[in-house]
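Naming convention: chains lettered A, B, ... in sequence-line order (proteins, then strands); numbering from 1 in each chain.
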Amino acid sequence: MTDQWYDVVVIGGGVGGMQVAIALADRGHRVALVEAHADLGGKLLGYAKLFPSFENAEQVVDELKNQLDSSGVAVFTNTKARDITENTKGYDVMIENADTPFHGRTIVLAYGFDIFDPTLKEEYGYNIIRGVYSSVDFEKMMKEKSFSKYFGEKPQGFGFVHCVGSRDEKVKNNYCSKVCCITAIKQAMEIKEHYPSADVFCFYMDLRLHELFFEKLYKQAQKEYGIHFIRGKVSEVANSQQGKVAFKVEDTLLSRPLRIELDGLFLMVGIEAYKGKFPSLKLPLNEFDFVDPGIETLATQGERGIFFVGTTKGPRSIKETLQDATYVSMQVHNYLLNHGK
Amino acid sequence: MSIFFEKYSKYIPDDHFWFARSCIRQNFFPGAEQRFLKIMREKLKKDVYDSPHHTTCTGIGYHTDIVHFETIMTVIARQFALMTEDGYENIAISCVTSFGIYQDVLEKWEVEPDLLEKARRYLKEATGREFKLPKAAVHTSDIIFKFRHEIASQLKYPLINKLTGEPLRVVDHVGCHYAKMFPSKGIGGAEYPYVLAGLVEAWGGESIDYPERRHCCGFGFRNYIVKADRGYSLTHSRIKFESMYPFKPDLILTNCPGCNMFMDRWQYVIAETEGKTYGDTPGYGIPVLTFEELTALVLGYDPWEIGLQMHQVPVEPLLRKMGIDFDPAGRYYGPDGTFLGKPEKPSFLKIE
Amino acid sequence: MSKSLVDELFEDVHVRHGLEACINCGMCTSVCPAALVYDYDPRVLVNLVEKRDEQTIEELLKSDYIWYCGECMSCTTRCPRNNSPGEIVIALRHLSQRKGLFIHSARGRQQYAVLKTVGGSILGKGYCVYFDDLTLERFPEQGPTWDWVRKNRHQILNKVGAAYKEVKAGPMRKIAESDLAELKKIFDVTGGSELYEIIEEKSREVMKKEGKDEESYFNEVYESPVK
């Protein structure tokens, strides 16, 4: 299993890790992929459908797994990297509950991201107020088809709260998580399909829809699905005596403070830097604990033979992570060639 | 609901406090301040010094904008000087507006040391006094919170409804200036403050959440002081009453004296103008108590020495629920037994 | 050359501490008590200040708009940019009074009533409010029980342990002349007395211009409802 030398050890079996492993194996390198959990797929395993096409997340994962199977990558699940140290020819990757490390001439870190913990936004009462859930909970409900278990057959309305844990100095996350606005629109459409007579609201500060076809989805949500878009950040949440979610928000376009009661509120939780660390590895991190983009220039990336993929560097969509993984694989390949392979 | 308690546990000293009185509490609930001192000294055996030389912090003047920052910070500096000269390093603040101002001044001094130097110069020039910064500036409700378990061990009347055997349903209202400006300076933070809920839970009661719990009582400073604007103040208390009413509270508990006064008096005004009351018996209001008054009640002090006869909404329904042994007629008599007559009965709000 | 209003405003400690930059999320307005009952929006106020436009600021200082806020600071708790509209209001109100612009608005003129009541009580008694001044005439909402307390004040206050008008420690004590003198000196040295004088002087200008005596002017600004 271990004590073998690989050209590349990829830490993390999410979409980024899988893609970079596949690309490098295709170029003839010896690649090991280590994944802490029992299954490959990372955060994608929690999603039902993906924006903007509504394709199944499962399909994306399966496609990558198939390619992985035929690529010759040595895959190790239930294998958690706990530290990484340098040696004369490359790196040792220490594994939890295992004696022998992996050896790699290069390391690709694809450990992904953490989801913002919504309990930190105390005013939303996550885990305290009945009817308050996160966007992650939403995906679970979609996969399990369990909405009626939480909301019954005839809920009156739902709200999606944008920017929970993002663009917020109170929780020290003064950045945009990029993918939540389009996710909220997707989820709003999904729940409207499930409960056509319910009123569905998106409470946003700005709508950041960065990809080509996102704007069309927004219009579709407004025109065909009747989703209401209110420009205002939800502040205080409580339960009414009937158990509904009662909250306050300003419709900033009308300069009007509103008090609304709905059956459910979904918090669009942001992307945060992964908090697990490799104690011996000094990573160049920026103020938000993401890996510093400064190392992404061709000149500096991989000077030490360490490379970073996807959301280790900041919020990204799945599409962007896959593109990034391909790009990084090229850099790893060049590094290996230049360093006497 | 102590979810955020550990995250927001601030330092509260154990003993040796210099007491800073509250304008509103002194004038509307003087018994409450005296009970606090009595409980601290007699029940908890603590040293609390009551200086005759301190003045108002001018907080209401500051928030009605006739006193500006440089003046108020120097008045605060004088209080600190008196505290230093009296040999204390902990200040126990009775008023919540005042508490907010102490935190605000201390924070601005910390971020701008030049301001602190200016305060020292001003104070020296005006009074010749010098001061040290306090080690702790806490609200008196923080102190009672800290010793809530000690008080629980001396309880005479727990917060149980003797008529039903159920815990009393207590709505708390924490003053805005307690935690909204500096959540880390409030026990439990700003969203789920625990300073009053902790007392309720320690003494056997049930703390009730309701949608407008965090809404301001409506003091609004100038919006009350100026008679013309007083509708603002009434409106916001009313919003709170309408929101808490379906949850059937037995008691409203406050730590800010202004909030206590408003929530007591506005119930009377709503009863007289709309014929509407919020207590569980028609025509009765919900008793509103300051935390010192409640602490004194559970420890067995006489309601009329605490000063509960000064409240407009009668407290007798609560006293009976708690099974407190009291003389119903006692409220009409002076300390020497003189009969004081009875207050005029409002047309709608029932009083005893 | 005198400073512009914009410069003076932005030098105020409250603006230094309370104004970062607004992203118009509306969290402040959604919980603001004043926004609920008046045609007022703290977010809009902050936006107007951020324009850093001399004419806009001057208009604000002369308008009712800056006088709706109740300074509860509910707006401060959750602002994702660490702004405090309430603090900015304090700065605006201070500047409006210092420059004598408060007399141009009906609500601004009410500051005269505040000065005479709270202001007088602070320097005259050492309290922001004092028992003797809390009459049913001025405060009818205090109710009949309060009236009864006032009628039986010595007995009742004695019973609860107050030190009403006594020169010793205790609630409602008479604050000693020497302490009041120090308080006055603090006001003199820090510009607090000057602020009082400006409010008084400017209000008198209005009284003179409109031919009103002090009592009727006080009653007008104290009691007349403003839209």
Side-chain angles (χ1 to χ4, degrees), chain B residues 21 23-24 26-27 30-31 33-34 50-53 55-56 58-61 63-71 74-75 78 108 122 125-127 176-177 180-181 183 190 216 218 220-223 225-228 232 235-236 265 268-269 304-305 307 310 312 334-335 338 340 343-344 346, chain C residues 13 17 33 37 70-74 76-77 90 93-94 110-111 113-115 117-119 122 126-131 134 141-149 152 155 157-162 168-169 171-173 175 179 182-183 185-187 189-192 195 199 222-226:
Chain B
R21 289 186 181 275
C23 295
I24 293 211
Q26 283 181 80
N27 284 284
E33 285 199 337
Q34 293 308 81
D50 180 13
S51 160
H53 294 291
T55 64
T56 173
T58 73
I60 292 177
H63 281 298
T64 52
D65 311 285
I66 53 165
V67 174
H68 72 303
F69 189 74
E70 303 209 324
T71 303
T74 312
V75 175
R78 180 175 182 271
K108 286 188 163 79
Y122 279 149
E125 192 189 330
T127 67
C176 289
H177 289 221
K180 284 182 181 177
M181 289 186 285
C216 176
F221 299 97
R222 68 186 317 282
N223 292 336
I225 297 288
V226 177
K227 197 176 185 186
Y232 170 100
T235 304
H236 295 294
R265 308 299 197 257
Y268 153 71
V269 173
W304 315 129
E305 281 172 23
M310 292 173 76
Q312 181 62 59
T338 315
L340 305 173
E344 200 184 297
Chain C
V13 64
H17 284 245
V37 300
E71 296 191 21
C72 71
M73 302 297 170
S74 300
T76 307
T77 321
I90 294 177
R93 289 177 178 180
H94 182 226
Q110 291 169 340
Q111 289 302 95
V114 179
L115 178 73
T117 52
V118 176
I122 289 175
Y127 294 83
C128 285
V129 297
Y130 194 70
F131 189 86
L134 297 166
E141 66 282 347
Q142 288 301 323
T145 301
W146 181 252
D147 195 32
W148 169 80
V149 170
N152 294 291
Q155 290 272 344
L157 295 179
N158 194 299
K159 185 160 183 168
V160 305
K168 68 172 199 189
M172 290 201 231
R173 72 194 188 283
I175 292 179
D179 297 316
E182 283 190 28
L183 194 59
K185 267 306 323 250
I186 289 176
F187 270 67
V189 161
T190 58
L195 184 59
I199 300 171
Y222 186 61
E223 303 209 27
S224 302
V226 181

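Using a 4.5 Å cut-off between heavy atoms, B:His236 touches chain C through its side chain atoms alone. Contacts between B:Phe221 and chain C at a heavy-atom distance below 4.5 Å involve backbone atoms as well as side-chain atoms. Residue B:Asn223 touches chain C through its side chain alone, counting heavy-atom pairs closer than 4.5 Å. Using a 4.5 Å cut-off between heavy atoms, C:Val118 contacts chain B through both its backbone and its side chain.
Judged as a side-chain hydrogen bond (donor to acceptor under 3.5 Å, both in side chains), and not counting sequence neighbours, C:Asn152 has no contacts. Annotation: side-chain hydrogen bond (donor to acceptor under 3.5 Å, both in side chains) contacts of C:Thr77 (sequence neighbours excluded): none.
C:Pro33 approaches B:Tyr232 most closely through the heavy-atom pair CB-OH, 3.5 Å.
Your options are C:Leu115, C:Leu134, C:Asp147, C:Leu195, and the one with the most heavy-atom pairs under 4.5 Å with chain B is C:Leu195. Heavy-atom pairs under 4.5 Å with chain B were tallied for C:Gln111, C:His94, C:Glu141; the largest tally goes to C:Glu141. Contact count against chain B (heavy-atom pairs under 4.5 Å) is highest for C:Val114 among C:Leu183, C:Val114, C:Val149. Highest contact tally toward chain B, considering only C:Gly143, C:Ser224, C:Ala113, C:Cys72, is held by C:Cys72 [criterion: heavy-atom pairs under 4.5 Å]. Ranking C:Thr76, C:Val13, C:Ile186 against chain B, the residue ahead of the rest is C:Ile186, based on heavy-atom pairs under 4.5 Å. The candidate with the highest count of non-hydrogen atom pairs below 4.5 Å against chain B, out of C:Ala169, C:Gly191, C:Pro144, is C:Pro144.
For C:Arg173 (side chain) and B:Pro52 (main-chain N/O), a donor-acceptor pair under 3.5 Å exists by modelled atom type. Formation of a donor-acceptor pair under 3.5 Å by the B:Asn27 side chain with backbone atoms of C:Phe131 is found in this model. Not one N or O on the side chain of C:Glu182 forms a donor-acceptor pair closer than 3.5 Å with the backbone of B:Thr127.
With salt bridges taken as basic N to acidic carboxylate O contacts below 4.0 Å, one links B:Lys227 and C:Glu223. Residues B:Glu305 and C:Lys159 are not paired through a salt bridge, judged by the lack of any N-O separation under 4.0 Å between the basic side chain and the carboxylate. The residues B:Arg78 and C:Asp179 are annotated as salt-bridged, a charged nitrogen and a carboxylate oxygen being separated by less than 4.0 angstrom.
With contacts defined as side-chain heavy-atom distances shorter than 4.5 Å, the pair C:Tyr127/B:Gln26 qualifies. Between C:Glu71 and B:Cys176 the shortest side-chain heavy-atom distance does not fall below 4.5 Å.
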